[in-house]
Amino acid sequence: MYEKTIKFKLEKKFFNNEDYLENKYIYEWLTLARKNFLESLGIDIDSLSNYGFYYSDNEIKISIVENIKYRVKDLFIKTILSKHSGIKTVFNYEFFIDGDIVIKATTSHSVLRFDNVRPVRMDRYLPKWDLILKDVVNNEL
């Protein structure tokens with residue numbers, strides 16, 4: 001199974017006055033982890049706008065296993081592509097501090113056209129990306 005892990009340094013700016021993590025950063029970190037994962041496969045999500053498409057969030061589920069209190073530590077986010085249907089792509093994430101899972105998350109996404117809100121079939125409009133994602137899900141990459 002192909003997975004990609006990225007590291008963030010936990011800094012004081014990510015925490016509230018009581019020294020607990022501000023949850024608003026979790027979404028940003030998920031986005032960066034997913035983008036890093038896709039870039040490692042040669043997929044540049046930012047280039048979609050050149051073709052009249054954009055990458056849309058369909059659903060985001062975040063489960064906080066342990067509230068994160070401020071410590072100067074590294075936060076690791078492991079990203080795994082769990083499903084790809086050609087229309088919808090699902091990622092799973094695990095956030096670790098000192099080897100312990102502190103957050104789990106799942107996100108699903110589709111590629112949409114600027115001119116309408118229907119998901120596009122990647123096998124038809126982005127066949128190279130579709131093949132790469134299917135290979136990752138099928139453990140062929």
(Q) Please verify the inter-ring angle class for Phe95 with Trp29; under 30° counts as parallel, over 60° as perpendicular, anything in between as tilted. (A) tilted
Q) Could you walk me through whether Leu21 and Ile26 pass the side chain to side chain contact (heavy atoms under 4.5 Å, CB included) check? A) CA-CA 9 Å; Leu21 179 68; Ile26 296 171; 4.2 Å; yes
Q. What heavy-atom pair brings Asn58 and Ser110 nearest, and what distance separates the two atoms?
A. ND2-OG, 2.9 Å
Q.
Taking Lys61's backbone N and O only, do any of them form a donor-acceptor pair with Thr106's side chain (distance below 3.5 Å, no angle check)?
A. no
Q) Should the pair Arg121-Asp130 be classified as a salt bridge under the 4.0 Å nitrogen-to-oxygen rule? A) no
Q. Hey, does Leu30 have a side-chain heavy atom less than 4.5 Å from the side chain of Ile62?
A. yes
Q: Identify the two heavy atoms, one from Lys83 and one from Val137, that lie closest to each other, and give their separation to 0.1 Å.
A: C-CG2, 3.8 Å
Q. Salt bridge (charged side-chain N to carboxylate O under 4.0 Å, His left out) with Lys128: which residues, sequence neighbours excluded?
A. none
Q. Taking all atoms of both residues into account, what is the closest heavy-atom pair of Tyr70 and Glu11, and its distance?
A. CE1-C, 3.7 Å
Q | Stacked cation flag Arg34 on Tyr55, 6.0 angstrom / 45 deg | A | no
Q) Can you tell if the side chain of Leu126 reaches within under 4.5 Å of the side chain of Leu48, non-hydrogen atoms only? A) yes
Q) If you take all heavy atoms of Tyr54 and Arg113, which pair is closest and at what distance? A) CE2-O, 3.5 Å
